[in-house]
Number of protein chains: 2
Amino acid sequence: MGVTIYDVAREAGVSMATVSRVINGSANVKPSTRKKVLRVIEELGYRPNAVARGLASKKTTTIGVILPDISSVFFAELARGIEDIATMYHYNIILTNSDQNIDKELKLIGNLLEKQVDGLLFLGSQVTEEHRRLFKSPVPVVLVATQDPKGELPSVHIDVRQAAYDAVSYLLKKGHRRIAFLSDRLSTSLGRGRYEGYRQALAEGGVEVDETLIVEVPPHYEAALKGMKTVLALQPRPTAIFAASDELAIAAVHAVQDAGLSVPDDVEVIGFDNTRIAQMVRPMLTSVVQPMYDIGAVAMRLLTKLIQNEDVPTKTVVLPHRIEFRQSTRPA
Amino acid sequence: MGVTIYDVAREAGVSMATVSRVINGSANVKPSTRKKVLRVIEELGYRPNAVARGLASKKTTTIGVILPDISSVFFAELARGIEDIATMYHYNIILTNSDQNIDKELKLIGNLLEKQVDGLLFLGSQVTEEHRRLFKSPVPVVLVATQDPKGELPSVHIDVRQAAYDAVSYLLKKGHRRIAFLSDRLSTSLGRGRYEGYRQALAEGGVEVDETLIVEVPPHYEAALKGMKTVLALQPRPTAIFAASDELAIAAVHAVQDAGLSVPDDVEVIGFDNTRIAQMVRPMLTSVVQPMYDIGAVAMRLLTKLIQNEDVPTKTVVLPHRIEFRQSTRPA
DNA sequence: CTGAAAGCGCTAACAC
DNA sequence: GTGTTAGCGCTTTCAG
């Protein structure tokens, strides 16, 4: 590198402190000297060293983001929401993938803390006691699309259970009694929400849960396609499918079609997340809308407030969900 | 925070230097004192401050990544490749979105340089002189899925022109004479590659370019769908479509179907990138495979070498491409 | 094998 | 308005 604040100070005939002031936009600088300093900065091509600044100020203007997998449409969209707001508030984000692996998550949290991030955004499966211990760090943490069963940590998400409940209730109201549930993550907190909503809706609808209609598959299209074949072979066959994600829902649609049946005439399908692909398949997918971008954006905004010690009325923000009706369900 | 290297040193009855040595795994420490220090570190819950370390060592073990839009499947997949290798070599990545906006790109480069990243990965449209000036920084830069017309900067990519050429040649070989080209970015370097390949193939196939068959649309499904309607209304109608991305290709497929025609019987369609959605639509999409994950991984690996001053035989690595044949084209 | 000491480049009181 | 002076928490010679 080379040119430091000291070089600028010398060249401009002022002290480092003054240079620091103009860099940081402090008001207490005479316009003429500010101008002079600015010119020297320009001439020398000076670029403040953020690491040195971070050490001195104890602020890095970077925040750490831990998510399961950036290559998933869902998290990628969310990450974009985070990054946009971060940029708006002059933060950078360090992006890390955890693959929902708890050990990795823990390691990443430690790693990011060492890097002195000003805050942490955590999107994961569960929040264990070990997580909590690390989160009792000097920097604020916001859970994103992740629920804290204990409700201790700030978080931003939709009411997944209610959303699932709504979707399944809708199906019940249309007369369906054999509704399959296709999931790739029953065990995680997000997966559980969907599962609970499904059961609750059935219970309130007076339909007994048939465990054979509940299918857990690895999180890819191919696995879901295979899993659905089994379910569709059941007698009596399910007449509706509630899937935990759009990708699974699309697999469900194709499985139905491969069985020589029609969506939505023979089987209705509802997906979850309303990712972009929902409208890129035919029939277009009816899906529970989870406002991913907004969840990320709101979470990041909340984090900035926490970092700046602004008082936040409610640390748990639940964003609204809804169902986007398209062609994989019949008009009500 | 609180506990520093100094605290550990005092508590363990050694000097900071020794603590530093055990942290950094230096060989020259007596096993017994190493053990003692390690125990104290554990007891105190000491966590080295990476910022201080960065200032002293002039290495941050973080690298900057500039890409157009993480919410795009293509870049998300690529980012995952980058991050995996980065993790493997103990680097973190700062992820930034440029929206292909040159001013933003320039600002981001400066920003990341200030943060003292150890290296830069740039995925963008063009490399202007201004870019070059900034890239003459003290840290290595690798272009990712981005070509440097001048071939000065290290880069990792496929031969996009050749790939497009191959796809269009394939179509020509099957007898097609009216091949539409659907693109969302004729003007960018990547877009241009596809365009050039298209023209070259036509030229060599003895088919004159019909400008009305070349459609540029905004980069979304809906826009592409609309754009294709016009093209399909042409007389004589195109019998094949080469699309610059899978999303565009899917729109093309649907436009064909909406016109009451069949893919691939009436119109054959080839996409580009072979993203996951290619196999999630029916008919499944024939697509030019661009190994996104690998491109990211190889680029990151190359960057680590450059950072460590290992000598790199060729700074421009061209990864192989191929066409994955599925149902949107007829068997040859 | 270990310690002392000099920075790394900046911010933040505190004076003037 | 501006300068002086301590650090921030670590790495890194250089001695011994």
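Residue numbers begin at 1 in each chain, while the letters A, B, ... track the order of the sequences.
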Residue [X], side-chain heavy atoms: nucleotide from [options] that is nearest:
X	options	result
Ala56(A)	dG3(D), dC10(D), dC10(C)	dC10(C)
Tyr46(A)	dC14(C), dC8(C), dC10(C)	dC10(C)
Pro48(A)	dC10(C), dT2(D), dT13(D)	dC10(C)

Contact under 4.0 Å: [X] side-chain N or O vs [N] OP1/OP2:
X	N	value
Thr18(A)	dG3(D)	yes
Asn24(B)	dT11(D)	yes
Lys58(B)	dG9(C)	yes
Ser15(B)	dT2(C)	no
Arg53(A)	dT11(C)	yes
Ser20(A)	dT11(C)	yes
Thr33(A)	dT2(D)	yes

Classify the side chain of Arg47(B) and the base of dG9(D) as holding, or not holding, a donor-acceptor pair under 3.5 Å.
no

Within the structure shown, what part of the strands sits under 4.0 Å from [X] by heavy-atom distance: base, sugar-phosphate, or nothing?
X	value
Asn49(A)	sugar-phosphate
Val14(A)	sugar-phosphate
Thr4(A)	sugar-phosphate

With side chain to side chain contact (heavy atoms under 4.5 Å, CB included) as the criterion, how do Ser98(A) and Leu67(A) come out once you've worked through the C-alpha distance, each side chain's angles and the decisive distance to 0.1 Å?
CA-CA 6 Å; Ser98(A) 69; Leu67(A) 47 72; over 6 Å; no

The helix from dC1(C)-dG16(D) to dC16(C)-dG1(D): angle between terminal helix axes, five bp per end, to the nearest 10 degrees, reads 30°

In whole angstrom, give the distance that lies between atom [atom1] of [X] and atom [atom2] of [N].
X	N	atom1	atom2	answer
Asp7(B)	dG9(D)	CG	P	9 Å
Lys115(A)	dC8(D)	NZ	P	23 Å
Met16(B)	dT13(D)	CE	P	15 Å

Flag the pair Pro154(A) / Val141(A) as yes when at least one side-chain heavy-atom distance between them is below 4.5 Å, and no otherwise.
no

Just checking, any donor-acceptor pair under 3.5 angstrom between side chains of Thr304(B) and Gln308(B)?
no

Pairing donors with acceptors under 3.5 angstrom, does anything connect the side chains of Ser71(A) and Asp69(A)?
yes

Counting neighbours of CD on Glu42(A) that are heavy atoms of other residues, nucleotides or ligands and sit closer than 6.0 Å, is the number greater than 12?
no

Working to the nearest 0.5 Å, report the span between CG of Leu123(B) and OG of Ser155(B).
12.0 Å

Can you name the one residue among Asn92(B), Thr62(B), Asn49(B), Thr60(B) that meets side chain to side chain donor-acceptor pair (under 3.5 Å) with Lys115(A)?
Asn92(B)

